[in-house]
Each structure stands twice: as structure tokens, then as C-alpha cells.
Protein chains: 2
Amino acid sequence: MPIKDCHTEKLIIDTAMRVFFTEGRIYATTQDIADAAGVNRTLINYYFRSKKALFTTVINTAREEFRGNADSILSSDLPFREKTEKFIDDFMNNLIKYPYLESFITVDIIQHRLKKNAYPGFSEKSPAPIRQYLKVIENEMEAGRIPKSTPVHFMMNLFSLMIYPLIMKPIQMNLLDLNETEYNNVLNQRKQIILDTIFPVKSLK
Amino acid sequence: MPIKDCHTEKLIIDTAMRVFFTEGRIYATTQDIADAAGVNRTLINYYFRSKKALFTTVINTAREEFRGNADSILSSDLPFREKTEKFIDDFMNNLIKYPYLESFITVDIIQHRLKKNAYPGFSEKSPAPIRQYLKVIENEMEAGRIPKSTPVHFMMNLFSLMIYPLIMKPIQMNLLDLNETEYNNVLNQRKQIILDTIFPVKSLK
DNA sequence: ATAACGTTTGACAAAATTGTCAACAAAGAT
DNA sequence: ATCTTTGTTGACAATTTTGTCAAACGTTAT
């Protein structure tokens, strides 16, 4: 079989991403992943050497998968509101696929800090498209087209409103007394709600 | 030593809460916790029988610790804005102590779902003070004193804005290019920012 | 003093998880 | 057909983590 197959490798990666980032099973073992993929556990070691190596692979794969669109949207020369709208749309579609990705990255960072290692997944500076977008936010605030605070808070608000309802779905379902279907309906309304929140409509008494 | 000491038991609980909910070390072993507490690991089994039992104990302890204030604030007859202000203040003070508590509860729920068990930490309905507060939000929306959406989204926004910046601190620090001190300064401004976001000021052009 | 009790400890056993290896299978190249 | 390379498997070893137990300790009451 001299031609590289890599279909098993891809199967393992896809399964691991689903188990980790979609289902949020942070304690999943290599056996769990192998079972979910329907392959022999040894193959994980064959293709990735160790569980940790698989882990960094899937995190990087997922991050790259997300970067593409987001960067081109943020770097485009669309007007601020349209750009933000597109960004929310793209980002939330990704979130539905891998809601727990950020949670895993956070856990990963905490691990590295414990061993006093710098986190390999991070570059020194924040990504250029983000820095650029922050500048645009600043302009919009000065022009008075969005509430005056600081670009950093605007970004925090934006990410908070998008991500939190997805990663804490089980808790929120109980807190707000919603079943699965009801909660999913609410999630579908979020894009519009988020827009209305960060671009407040001025129709209050 | 016939008189119950319980100071070791309390030490273990406090340490476990710190390791789990403050430091976010989700992979911490019983040995890690024992080391952090400076006690023999066997004592964890002596006082709590198993790691899982310790886990449910600390989750319940932390939840009870948080409930008290929040419930009395939400059930008080303060005007809506003041009530919300107090709630944010109380909730965020708790969050600073145990930012990762909700993350752990979520992980716990996911575990239980995998075993097809109902989550023991949840009652059927959502807590009464929350249901009551949701009613008040509805009234405020109808009166036009806050932007019209639904109480559920208002709550989601509120929790999102409070919790997300704390649990994703490492990621946000990199994304926004802030060091520890700068990020903490930003966090200190959040209470006011959140108020301004959910009670929009109408000074836009 | 000693008996009783709760607490603490180290050594050990059990379980769970991960990693390694030699053997085997499959498929194209020679 | 045989060789070569890649992929796959099961058995095994190593490691990590958790749980158990008997013995020792310290304090108090008798």
C-alpha cells in the first residue's frame, strides 16, 4: 500500500474534533476516540505518536479552519456595520460546529502555564486583522456611531454575547427552564439580538 | 481526639475549590489537591470516600455559597435597575473568586448525560428568584424602559457579559494584546460597561 | 495508666490509561 | 511471483491514578 492513504488519519482527526470540540468530552480517552471513529486505538499512536500530539494537531486544525473566513472578513473594506454583521454570521456558524473549542484552548493554556511553558499556539502579538478591526471600532466610537467606551470592551462584549450561550448551554437550559428545542430556537435568534445589543436601537422612552 | 476536628476536611474542600474553580485545573488529580493542601492524599478518601464524591461536594458547596446573596437580591423589592446593579456587583465578585465554577458544572453535566443520568445538581424547574426576575424584565420591556426583545435574551446577555471575559481570560489577553495588569484593569471596568450595555444610553447621533 | 476515638500515615493493591512492539494484511512496484 | 512500503492488529509493558488497609499517632475521658 505504498500510496499514502491518510483517510484514517483524517477520520481520527475529524472524530477527535467532534468528541472534544462539539460534544465537549474533555475527559475522553484515546480509547473513547478510537471507538467513536471505529478504529483500533493503536492507530492513534501510529499517526500521532501520543495523545498530546493528537491534541495539538486537532486544536491547530480547528483554529486554521476558523481563521480563513474571519480574517478575510475583518480585512475587507466593507462598512463597519456590514463587516461586523458578516463576522458575527461567520463566527457563530463556526461556533455551532465547535462550541467547546475555546474552552479546550483555555484548558490547554492553563496546562502550559503550570509547566511554566509559553503557549506554543500563540504568536507574540494579536492577529493583524484583529488589531485592524480594533482601530475601526475606535473610529466609529469617535464618530459617535456606536456607544463610547473602548474598542477592547466592544470586542469583549461581542465575543461574550456570541460564545457564552453555546458553551454554557446545559446550565442556561436549566436556569431559563428551556428544553432542547426551545433553547435551539433561542440560539437561532441570537445573531439579530447581538446586533441589536452592540448597535443599540434608540427607541427608548 | 474524640471531638470532631473537621479543619482538615474544610482545608481539603477549600483547596479543591481553589484548584478547580479558581485556577481552572480540570485535570488535577487527588494527589495534586493533597499536595496543594499540604496533606496526605489518603485523607481525601478518608473524608470523601472517592474523588467523584469530593467533586460533587465542592460543586455543591460553591453553589450554595453563591446562592445566598443572589437569591435575596433578586427577591428583594428594589427597583429594576438598582436590583440589576446589585446583582451584577454580587455575581461578579463571586466570579472573581471562582471564575471556572460554571465550566466545571458544564463538564459535570456532560459527563452525566453520557451515562444517560439526570444531573443530580439540578431541580426540575429553574430557581424561583430567577423566574420572578424574568417576569420583572418582561414588565420593563413592555414599559419600554429597556430595549424590547425577550427576557430570556436579556438574561443571556447579562450572564454572557459577566462570565465570558473571566473564563476566557487567557485567550482574550492574547487576542487583545493585553498583559496581566492591563487585563485586570479592563475587568475592573466591566461592571459599568455591562450596565451601559444592557441599559443603553441614548446619546447616539 | 489505659481505653476509646478520631485522625494520619505509608505500603500496597486495583484500576484505568497510555505507549510499544512484533506480527500480519493489503496493495502497488519490480 | 516476490519484494517493498504502508496500514492494521492484538498482546504486552509502562505509567498514572485511584482506592484500601493495617498500623501508628495524639488527644481526651475513665
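For the numbers below, each heavy atom of this structure counts, side chains included, while hydrogens, waters and symmetry mates do not. So you know, we letter chains A, B, ... as the sequences are listed, proteins then strands, and number each from 1.
Screening residues 109-123 of chain A for salt bridge (Lys or Arg N to Asp or Glu O under 4.0 Å), with sequence neighbours left out, gives no hits. The salt bridge (Lys or Arg N to Asp or Glu O under 4.0 Å) contacts involving residues 46-64 of chain A comprise nothing, where partners must be two or more places apart or lie in separate chains. Sorted by first and then second residue, the ring pair (Phe, Tyr, Trp, His ring centres under 6.0 Å) pairs with a member in residues 57-84 of chain A read A:Phe66-A:Tyr98, A:Phe80-A:Tyr133, A:Phe80-A:Phe154, A:Phe80-A:Phe199; sequence neighbours excluded. The ring pair (Phe, Tyr, Trp, His ring centres under 6.0 Å) contacts involving residues 162-183 of chain B comprise nothing, where partners must be two or more places apart or lie in separate chains. Among pairs with a residue in residues 165-175 of chain A, those fulfilling salt bridge (Lys or Arg N to Asp or Glu O under 4.0 Å) read A:Lys169-A:Glu180, at least two apart in sequence or across chains.
With rounding to whole Å, A:His7 atom NE2 is found 13 Å from C:dA26 atom C1'. In this structure, the CD1 atom of A:Ile44 is 16 Å from the P atom of D:dG7, given to the nearest Å. As a whole-Å value, the separation of A:Lys52 NZ from D:dT15 P is 15 Å. Separating the CZ atom of B:Phe55 from the P atom of D:dT18 is a distance of 12 Å, rounded to the nearest angstrom. One interatomic measurement links the two molecules: CG of B:Asn45 to C1' of C:dT9, which rounds to 13 Å at whole-angstrom precision. Distance, B:Leu54 CG to D:dT18 P: 11 Å, rounded to whole Å. Between the CZ atom of B:Arg49 and the P atom of D:dT18 there is a distance of 16 Å, rounded to whole Å. Rounded to an integer number of Å, the gap from B:Leu43 CG to C:dT7 P is 10 Å.
For the 3.5 Å distance criterion, the side chains of B:Asn157 and A:Arg190 qualify, holding a donor opposite an acceptor.
Side chain of B:Asn69 to backbone of B:Asp90: no donor-acceptor contact under 3.5 angstrom is found.
Taking the C1' atoms of five terminal pairs at each end of the helix from C:dA1-D:dT30 to C:dT30-D:dA1, the two resulting helix axes are inclined by 20°, rounded to 10°.
Partners of B:Tyr46 under the ring-ring contact (aromatic ring centres under 6.0 Å, His included) rule, at least two apart in sequence or in another chain, do not exist in this structure. Evaluation of the side-chain hydrogen bond (donor to acceptor under 3.5 Å, both in side chains) rule for A:Asp71 yields no partner, not counting sequence neighbours. In this structure A:Tyr119 satisfies the ring-ring contact (aromatic ring centres under 6.0 Å, His included) test together with A:His112, A:Phe122, sequence neighbours excluded.
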Under 3.5 Å, which N/O atoms of the protein pair with N/O atoms of nucleotides 11-15 of chain C?
none

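When the side-chain nitrogen and oxygen atoms of A:Thr8 are compared with OP1 and OP2 of D:dT8, one or more of them lie within a distance under 4.0 Å.
When all heavy atoms are compared, the tightest approach of A:Glu182 to A:Asp177 is OE1-O, 4.0 Å.
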Check: residues 25-35 of chain B side-chain donor-acceptor pairs under 3.5 Å, at least two apart:
| unit_1 | atom_1 | unit_2 | atom_2 | d |
| --- | --- | --- | --- | --- |
| B:Arg25 | NH1 | B:Glu23 | OE1 | 3.4 |
| B:Tyr27 | OH | A:Ile26 | O | 3.2 |
| B:Thr29 | OG1 | B:Gln31 | N | 3.3 |
| B:Thr29 | OG1 | B:Asp32 | N | 3.1 |
| B:Thr29 | OG1 | B:Asp32 | OD2 | 3.3 |
| B:Gln31 | OE1 | B:Arg41 | NE | 3.4 |
| B:Gln31 | NE2 | B:Asp35 | OD1 | 3.0 |
| B:Asp32 | OD2 | B:Thr29 | N | 2.9 |

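Looking at residues 10-37 of chain A, you'll see A:Thr29, A:Thr30 sit with a heavy atom under 4.0 Å from some atom of DNA chain C.
Residue B:Tyr47 places its side chain closer to C:dT7 than to any other of C:dG19, D:dT6, C:dT7. Closest to the side chain of B:Asn40, out of C:dG6, D:dG7, C:dT9, is C:dT9. Side-chain atoms of A:Tyr46 lie closest to D:dT8 of the nucleotides D:dT8, C:dG6, C:dT20.
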